[in-house]
Amino acid sequence: LTTETVREVERVRKAKTDPLGLVGKVIAKRYTVVAGIRSGGMGSLYEVRDRSGRRLAMKVMKPEMLAHEEAVERFRREAQALEELRHPHIVEITDFGQVEGDGYYLVMEYLDGKSIWQLTGENKPLGVKRTVSIARQILEALSTAHGRGMLHRDLQSGNVMVMQYPGQPDFVKLIDFGIVKILDPDMQSLTKGARIGTPHYLAPEMVKDASFDARSDLYMVGVLMYRMLTGKTPF
């Protein structure tokens, strides 16, 4: 490869994983950004180390989103609510704050596992036993979230991570509560009428008129189970 080609490959890689240019920087005087993981519409996910050297993940809101007051308020208030949500099968949020002069960030545990999307790649079914075990853990997590008045709204194959811990195979962690709906009167103006989620997994009522409740999350679990059993989505 020529030097120019190598530079172009690196530029494209950084554009995908480090669009905010944070790698190598220290956030909030305690988190050193080690590498970019992936980037989405609202923000980017990074691998960071705290002052003790602990490996963590940090989700950072894109600076351009600061111009949208509703998006900022939703991110801030939902992040605060999620900090109180503790369950073995839900990714643990450890910190929340604002990058100096830029967007907000969430710090969470680093998950070294594979998503259901990765596990079922190339139409690979997981089998009944694994499917039931994974689905049970998802439902346990949802039971806690729904009990606290929270809907996930985006239960798709990329948002369920499966870890292989010693003595705990296929240990599930739900991630990406970025479009969580808080069933609280004070939050309705921030979450009302937003038709967002992953189309292949959305419950019909979510597509039709954005009127939904906890049963809509359960529909998406059904689609996840279909994918785990067959290697594909039903529609």
Side-chain angles (χ1 to χ4, degrees), residues 15-17 19 37-45 57 59-62 64-65 68 70-72 74-75 78-79 81-82 85 89-91 106 108 111 113-126 130-132 134-139 141-143 145-146 149-162 172-183 187-235:
K16 291 182 178 180
T17 62
I37 299 175
R38 63 175 180 269
S39 183
M42 287 284 291
S44 298
L45 187 66
K59 186 176 183 179
V60 184
M61 175 186 282
K62 292 182 177 179
E64 55 264 32
M65 298 305 298
H68 304 279
E70 184 175 303
V72 172
R74 180 188 299 174
F75 187 92
E78 293 179 359
L82 284 172
L85 187 59
H89 298 302
I90 296 176
V91 63
L106 275 173
M108 62 198 80
L111 301 177
K114 292 184 178 181
S115 67
I116 289 179
W117 182 82
Q118 292 172 310
L119 292 175
T120 58
E122 298 181 358
N123 298 324
K124 293 185 293 188
L126 299 186
R130 293 187 76 186
T131 295
V132 170
I134 291 171
R136 175 182 56 78
Q137 295 174 73
I138 295 171
L139 292 171
L142 285 181
S143 179
H146 292 170
M150 298 181 189
L151 306 183
H152 190 288
R153 297 203 297 173
D154 195 18
L155 288 164
Q156 46 100 343
S157 59
N159 286 339
V160 180
M161 297 295 294
V162 181
V172 168
K173 289 279 188 176
L174 297 190
I175 65 171
D176 203 349
F177 282 74
I179 61 172
V180 65
K181 179 167 182 175
I182 312 297
L183 298 179
M187 291 292 290
Q188 292 306 306
S189 62
L190 298 177
T191 56
K192 184 178 180 181
R195 292 176 186 166
I196 44 184
T198 304
H200 285 88
Y201 294 83
L202 289 180
E205 64 273 13
M206 299 175 75
V207 178
K208 183 177 179 182
D209 58 11
S211 176
F212 44 86
D213 56 28
R215 292 170 294 183
S216 305
D217 271 356
L218 298 183
Y219 176 95
M220 287 184 275
V221 175
V223 178
L224 278 170
M225 292 182 70
Y226 188 99
R227 179 173 184 124
M228 287 188 283
L229 289 168
T230 67
K232 59 185 179 181
T233 54
F235 305 109

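Using a 4.5 Å heavy-atom cutoff, the side chains of L126 and L229 are not in contact. The side-chain heavy atoms of S157 and H200, taken from C-beta on, include no pair separated by under 4.5 Å. Looking at heavy atoms from C-beta onward, R130 lies in side-chain contact with L119 at the 4.5 angstrom threshold. The shortest distance between side-chain heavy atoms of V172 and M161 does not fall below 4.5 Å. At least one side-chain heavy atom of N159 sits less than 4.5 Å from a side-chain heavy atom of H152. In this structure the side chain of L155 never reaches within 4.5 angstrom of the side chain of Y201, judged on heavy atoms. Between R227 and T233, the closest side-chain pair of non-hydrogen atoms falls below 4.5 Å.
Separation of atoms CG (D213) and CE (M206) is listed at 10.0 Å; rounding is to 0.5 Å. Atom CD in Q156 sits 8.0 Å away from atom CG in L224 (nearest 0.5 Å). In this structure, M108 CE and I90 CD1 are separated by 13.0 Å, a value rounded to the nearest 0.5 Å. Atoms CE and CG, on M220 and L202 in that order, are 6.5 Å from each other to the nearest 0.5 Å. The line from CG of L174 to CD of Q137 is 9.5 Å long, rounded to the nearest 0.5 Å.
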- Message: Determine whether T120 and T230 satisfy the following criterion, side chain to side chain contact (heavy atoms under 4.5 Å, CB included), listing intermediate values before the conclusion.
- Response: CA-CA 9 Å; T120 58; T230 67; over 6 Å; no

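Closest heavy-atom contact between G158 and I175: O-CD1, 3.7 Å. Nearest heavy atoms, L45 versus A57: CD1-CB, 4.2 Å. Of all heavy-atom pairs spanning G113 and Q118, the tightest one is O-OE1, 4.1 Å. Closest of all the heavy-atom pairs between Y219 and A203 is CD2-CA, 3.4 Å.
Dense packing is recorded around CZ of R136, with more than 12 heavy atoms of other residues, nucleotides or ligands lying under 6.0 Å away. Other residues, nucleotides and ligands contribute at most 12 non-hydrogen atoms within 6.0 Å of the NZ atom of K232.
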